[in-house]
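Report on one structure; see the data block that follows.
All heavy atoms count here, side chains included; hydrogens, waters and symmetry mates do not.
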Amino acid sequence: NNREVINMLNTKYFIVSDQNKQPVAQQNPEANGVGWFVKKIKWVSNANEEMLALNNFNSKTEAIVDSRFKDLIGELSTQSGTGTLNLIQYDPKHMIYEVNNMDNKEQLAVFSEIYYSGNKDWKAYIDGEYADHLRVNYVLRAMMIPSGTHKVEFIFEPKSYYLGNQISLGFSSILVLLIIGTIGMELKNRRLNK
């Protein structure tokens with residue numbers, strides 16, 4: 001029931017009951033948006049502590065980070081939190097953001113997107129160059145953004161999907177060749193039997 005968790009998930013509307021007990025949509029003016037820069041990082045030792053820390057934090061200014069991701073962002077603890085993140089293209093497998101870090105150093109940007117198999121199936125790119133991303137607030141994506149304006153992309157590129165497609169194509173090709181071969185053998189047998 002922590003409203004900050006709902007805000008970090010960019011929940012724009014709630015379904016509530018009106019006076020006649022009919023469902024109506026109510027706008028959430030506190031939704032965080034598609035992404036934001038945080039001012040403070042709260043380090044925790046594991047995922048359980050990360051989940052518990054969600055009970056008392058400000059999602060707009062603070063990110064809760066598991067210490068296993070420390071090598072991706074270093075000892076960073078505070079930053080200015082100034083900048084903008086705009087989603088300019090959305091596709092379930094390919095998202096493009098225009099990110100403007102107004103600070104003169106790298107900052108941690110949080111994206112209101114679920115972290116799933118990061119850096120394995122979902123790949124992140126800054127201006128076309130691969131960049132690691134990490135999990136914050138137990139479920140969201142985040143990454144370090146250099147100073148200035150950048151194009152950030154998240155692309156779903158699972159190896160298993162592409163490998164499965166190649167295997168499927170190979171077996172389909174073999175099946176087509178077997179069918180053609182069987183038809184060819186049948187036609188050859190019919191000619192010989194005439």
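Ring geometry, F111 versus F154: the interplanar angle exceeds 60°, so the pair is classed perpendicular (tilted spans 30 to 60°).
A donor atom on one side chain and an acceptor atom on the other are not found under 3.5 Å apart for N10 and S112. Inspection of the S59 and N32 side chains reveals an N or O donor paired with an N or O acceptor under 3.5 Å. Counted by atom type alone, N28 and K12 present zero donor-acceptor pairs between their side chains at under 3.5 Å. No hydrogens or angles considered: nothing links the side chains of N46 and D66 as a donor-acceptor pair under 3.5 Å. In summary, the side chains of Q107 and S80 do present a donor paired with an acceptor at a separation below 3.5 Å, with no hydrogens or angles considered.
Counting heavy atoms from C-beta on, the side chains of N101 and P146 never come closer than 4.5 Å. Put simply, the side chain of L9 reaches to within 4.5 Å of the side chain of V5, judged on heavy atoms. Proximity of V152 to I145: side-chain heavy atoms (C-beta onward) are separated by under 4.5 Å at one or more points. When side chains are defined from C-beta on, L169 does not count as touching I167, because their heavy atoms never get closer than 4.5 Å. Under the 4.5 Å side-chain criterion, counting only non-hydrogen atoms from C-beta, E186 is not in contact with K188. Looking at heavy atoms from C-beta onward, H133 lies in side-chain contact with Y115 at the 4.5 angstrom threshold. For the pair V34 and N86, the minimum side-chain heavy-atom distance is 4.5 Å or more. Contact annotation: the side chain of F57 approaches that of M8 to within less than 4.5 Å [non-hydrogen atoms, C-beta and beyond].
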Working for side chain to side chain contact (heavy atoms under 4.5 Å, CB included), residues I155 and K93: CA-CA 6 Å; I155 303 173; K93 295 180 183 178; over 6 Å; no
Go through it in stages, so that I can follow the logic: the residues are N137 and E50, the test is side chain to side chain contact (heavy atoms under 4.5 Å, CB included), and I'd like the CA-CA distance, side-chain angles, deciding distance and then a yes or no. CA-CA 7 Å; N137 301 349; E50 191 175 1; 5.5 Å; no
Applying side chain to side chain contact (heavy atoms under 4.5 Å, CB included) to I73 and L134, what does each step give before you reach the verdict? CA-CA 9 Å; I73 59 177; L134 60 134; 3.8 Å; yes
Tell me, with the steps shown, if W43 and E49 meet side chain to side chain contact (heavy atoms under 4.5 Å, CB included). CA-CA 9 Å; W43 293 100; E49 286 183 21; over 6 Å; no
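More than 12 heavy atoms of other residues, nucleotides or ligands shown are found within 6.0 angstrom of NZ on K70. Within 6.0 Å of CG in D71 there are more than 12 heavy atoms belonging to other residues, nucleotides or ligands. By the 6.0 Å contact criterion, NZ on K39 is open, its count of non-hydrogen atoms from other residues, nucleotides or ligands being 12 or less. Within 6.0 Å of the CZ atom in F14, the count of heavy atoms belonging to other residues, nucleotides or ligands exceeds 12.
A distance-only check finds no donor-acceptor pair linking the side chain of K21 to the backbone of D18 [under 3.5 Å]. One N or O on the side chain of S147 and one on the backbone of D103 form a donor-acceptor pair closer than 3.5 Å. Under the 3.5 Å distance criterion, the side-chain polar atoms of E62 are left unmatched by any main-chain donor or acceptor of V38. Here the side chain of T11 pairs no donor or acceptor atom with the backbone of N7 at under 3.5 angstrom. Checking side-chain atoms of N55 against main-chain N and O of L52 turns up a donor-acceptor pair under 3.5 Å.
The CZ atom of F69 sits 13.5 Å away from atom CE of M143, with the distance rounded to the nearest 0.5 Å. Atoms CD1 and OH, from I64 and Y138 in turn, are 12.5 Å apart once rounded to the nearest 0.5 Å. From R135, atom CZ reaches atom CZ of R68 across 4.5 Å, with rounding to the nearest 0.5 Å. For the atom pair OG1 (T61) and CH2 (W36), the distance works out to 11.0 Å, reported to the nearest 0.5 Å.
In the hydrophobic cluster analysis, where Ile, Leu, Val, Met, Phe, Trp and Tyr join through side-chain heavy atoms closer than 4.5 angstrom, M144 is grouped apart from Y130. I179 and F171 are not part of a single hydrophobic cluster, where members link through side-chain heavy atoms under 4.5 Å apart. One hydrophobic cluster, built from ILVMFWY side chains closer than 4.5 Å, holds both V110 and M51. If you chain together hydrophobic residues whose side chains sit under 4.5 Å apart, Y13 and I6 never meet in one group.
A side chain to side chain contact (heavy atoms under 4.5 Å, CB included) with I180 is found for one member of T182, V176, L178, I183 and no other, namely V176. Just one residue in the list L87, D91, I88 forms a side chain to side chain contact (heavy atoms under 4.5 Å, CB included) with I96, and that residue is I88. Partner of F37 under the side chain to side chain contact (heavy atoms under 4.5 Å, CB included) criterion, chosen from T84, L108, L85, T82: L85.
Ion pairing between E30 and K60 fails under the 4.0 Å rule for side-chain N and carboxylate O.
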